[in-house]
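Worksheet: the structure to be examined is printed underneath.
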Amino acid sequence: MTTTTATTAVTGAVGTAHTRVEGRDKVTGAARYAGEIPFAGLAHGWLVPSTIARGRIRSVEVEPVLALPGVLAVLHHGNAPRVDADYVGMLGLPDPVVAVFQHDRVPFVGWPVALVVAETSEQAREAAEALVVQYDQEPHDVAFSADRPGTYTPDGADNRTEKGDLDAQLAASAHVVDAEYTTPEEHHSAMEPHAATARWDGGRLEVVDSNQGSTWVADELAKLFSLDLASVRVVSEHVGGAFGSKGLRVHQVLAVMAATVLDRPVRVVLTRRQLFSLVGYRSPTTQRMRLGADPDGRLRAFDHQAQSLSSSVYEFVEASAGYGRSMYAADAHHTVNRLVRLDVPTPTYVRAPGEAPGSFAVESALDELAEKCGMDPIALRVRNEPDVGPVSGLPFSSRNLLTCYEEGARRFGWADRDPRPGLRREGRWLLGTGTAAATFPVLVAPSTAAVTAEADGTYTVRITAADVGTGARTALTLIAADALDVATDRVRVRIADSDFGPAMIAGGSMGTRSWGWAITLAARGLREKLVPGGHIPPEGITVRSDTSDAIGALTQKERHSFGAQFAEVAVDVTSGEVRVRRMLGIFAAGRIVNPLTARSQLIGGMIWGLSMALHEEAVRDAASGGLVGPDLAGYHVATHADVPHIEADWVADPDADDPVGIKGIGEIGIVGAAAAVANAVWHATGVRHRALPIRPDRVLRAAAESGDATRA
Ligand code: MOS
């Protein structure tokens with residue numbers, strides 16, 4: 001069922017598998033990333049992070065370091081240029097961490113304290129490691145737990161919804177689940193660390209960066225440094241992963257500051273360890289779920305109380321409790337996101353922010369309810385399928401969750417499943433299967449694009465899109481080819497240059513939909529303007545688009561992608577090891593532009609879900625306030641040996657309001673995946689794991705506590 005309905009295609013490029021247009025450059029090394037583009041006269045900055053979690057900088061002992069070979073400057077709060085961080089950007093106020101070196105206060109371990117700039121990267125590093133910084137240390141508090149002192153509900157309607165009398169509906173329920181789920185601190189850890197080179201060129205600031213949106217970063221830099229947006233250019237040709245971490249971060253700001261002070265190009269590359277404190281992460285969560293149902297599984301009560309943390313300097317909410325608002329109806333439906341502020345770095349958006357941890361709690365609790373009701377977990381979800389938005393009351397633009405379940409159950413072989421846990425053995429392995437649903441919002445944001453008919457018969461598309469590794473550049477090539485009614489090899493798509501004008505970022509699963517819309521409008525405009533057989537001047541004929549009006553005219557609906565996740569696991573209760581044997585995800589996520597890269601994107605999300613279920617966990621040390629082993633040795637992400645056969649596929653689900661039929665597939669692959677694995681572990685062992693990751697020690701402890709079913 002991989003077919004999609006062609007809504008506008010004439011050439012049929014959309015919906016046909018296409019390898020990445022820049023794929024050859026990437027695999028041959030011809031594609032240059034931000035940290036490896038050569039510049040004449042380049043200097044290198046190396047960041048010095050704080051070693052304390054709270055206090056003040058007493059002194060930065062600059063003189064001995066300035067005497068070291070190649071050192072050009074040491075920037076710190078005593079000498080750095082002033083910036084204006086009191087601005088509102090696309091996501092509101094900036095995290096104060098980007099206003100580097102503006103004061104002597106330290107709010108977490110890893111806070112930027114100084115930048116050493118030298119002729120070579122090695123000299124800068126040597127000097128940065130030799131720099132002595134004295135602190136006045138203060139007591140810190142990094143201990144996160146449910147309902148700990150200081151917990152509050154942040155302002156904003158999005159943080160609390162309440163419909164119906166929860167206590168009354170719980171009391172009237174035949175079956176009740178009341179359980180707490182926890183997820184740990186998780187990190188993006190993009191393969192390519194953040195890197196930027198800044199230089200002044202004839203009064204214009206130029207930044208070569210790795211980001212999710214070049215006009216976004218240009219706009220924030222202009223505001224921070226009080227510059228005209230027209231005098232800032234940011235480019236970001238190739239990006240080795242982002243996942244929410246690559247907006248304005250300290251590396252661009254440090255590079256601009258140093259380039260300004262030294263009047264020469266300066267590059268700043270963050271180290272793997274620095275990423276763990278300076279580019280955001282997913283907050284740990286504690287989530288209390290209360291579900292109440294009639295004997296037939298119909299939900300009377302749905303209560304999701306989520307808690308996350310943020311830093312002392314910025315309020316970021318991991319909005320886990322939003323997940324159930326569009327998924328499951330109940331007579332009483334309450335959700336709340338709570339927060340506690342600690343002496344830790346500021347968390348941020350991480351692939352499927354809110355939905356990833358939220359779906360773990362909700363979809364695990366549903367599995368527990370199915371067990372109590374004696375129902376099949378899919379049948380329970382069918383029973384609770386809503387007609388309209390459970391909280392909003394709005395109609396769905398389309399809701400093909402049950403189609404995903406029908407297709408997924410058939411392909412996974414769900415019908416033969418014995419629901420009883422702890423029964424299937426293969427040597428020392430206990431086997432089980434699990435499922436979970438998935439959803440992610442479908443949004444779109446204004447973008448501009450320009451399409452040029454060139455004199456040689458080709459077409460050039462210019463849009464400030466970002467290809468963060470997803471294949472966006474290729475998807476846009478297919479969309480443009482169809483909109484222009486030409487073959488893909490006559491279309492060249494240029495992206496990631498802020499000079500192309502404002503466009504949505506690669507975020508919120510909104511990139512391809514937002515950019516594709518703008519390209520389609522511009523291409524249609526161009527086709528109307530071109531006279532068949534007419535003359536095209538040397539500079540070509542260009543038509544620009546702006547989707548603001550079209551998007552502003554969209555009616556209010558519940559717009560979402562949906563999915564059904566399945567996992568089979570084997571659990572070795574003698575070692576505590578959990579191996580995922582196979583996963584299947586079936587998604588209803590709009591028209592699929594490029595099946596080749598779309599499948600990779602969805603599988604990548606599912607692998608992260610597997611990784612979230614079994615491996616990923618940053619451990620914060622209470623004494624130092626820092627992380628234990630903040631690198632890819634100490635923070636385990638799923639690698640090849642952890643990942644089994646994974647299949648991702650989709651059902652026809654074109655979005656009627658989008659000119660191409662797109663919904664967006666950036667994030668939904670991770671949603672529900674961890675719950676499917678955890679539910680499979682329960683089915684294998686009979687033990688519920690409500691704390692992620694499901695580590696070997698947790699499996700062993702649970703096995704020891706729970707008796708025969710899990711004993712080897
Ligand atoms: Mo993504 S977490 O929306 O950049």
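Both ligands and their constituent atoms are indexed starting at 1 by order of listing.
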Within-cut-off N or O pair, R351 and ligand 1, under 3.5 Å:
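Such a contact does not occur with ligand 1.
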
Below 3.5 Å, N or O to N or O, backbone or side chain included: is there any such pair between P353 and ligand 1?
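P353 vs ligand 1: no N/O contact under 3.5 Å.
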
Would you check whether K246 reaches within less than 4.0 Å of ligand 1, judged by its heavy atoms?
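Outside the 4.0 Å threshold, so no.
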
Going by side-chain hydrogen bond (donor to acceptor under 3.5 Å, both in side chains), name the residues that satisfy it together with E617, two or more places apart in sequence or in a different chain.
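E617: side-chain hydrogen bond (donor to acceptor under 3.5 Å, both in side chains) contacts with R695.
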
Quick test: of every protein heavy atom, which one is nearest to atom 1 (Mo) of ligand 1, and how far off is it to 0.1 Å?
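Going by distance alone, atom 1 (Mo) of ligand 1 is nearest to E667 OE2, 3.5 Å.
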
What residue and atom, counting heavy atoms only, is the protein's closest point to atom 4 (O) of ligand 1, and at what distance?
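For atom 4 (O) of ligand 1, the nearest protein heavy atom comes out as Q212 NE2, 2.8 Å.
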
Using modelled atom types and a 3.5 Å cut-off, is there a donor and acceptor pairing between side-chain atoms of Q252 and backbone atoms of G247?
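Present.
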
So does D655 pair up with R513, basic N to acidic O under 4.0 Å?
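A salt bridge is present here (some side-chain N lies under 4.0 Å from a carboxylate O).
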
[X]: numbered ligand 1 atoms lying under 4.0 Å from its heavy atoms:
X    : answer
G507 : 3 (O), 4 (O)
V350 : 2 (S)
Y349 : 2 (S)

Could you walk me through whether D631 and R272 satisfy the salt bridge (Lys or Arg N to Asp or Glu O under 4.0 Å) test, starting with their C-alpha distance in whole Å, then the side-chain angles of each, then the deciding distance to 0.1 Å, before giving a yes or no?
CA-CA 6 Å; D631 52 38; R272 177 64 57 190; over 6 Å; no

Give me the ring orientation class for H187 and Y281: parallel if the planes are under 30° apart, tilted from 30 to 60°, perpendicular past 60°.
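Because their plane-to-plane angle is under 30°, the rings of H187 and Y281 count as parallel.
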
From G247, S245, G508 - option closest to atom 3 (O) of ligand 1 by heavy atom
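Selected option, by shortest heavy-atom distance: G508.
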
Any side-chain donor-acceptor pair under 3.5 Å between Y152 and E315?
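E315 and Y152 do have a side-chain donor-acceptor pair below 3.5 Å.
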
I'd like to know if the side chain of S320 pairs up with that of E318 as donor and acceptor (distance under 3.5 Å, no hydrogens or angles considered).
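On atom types as modelled, these side chains do not qualify, holding no pair under 3.5 Å.
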
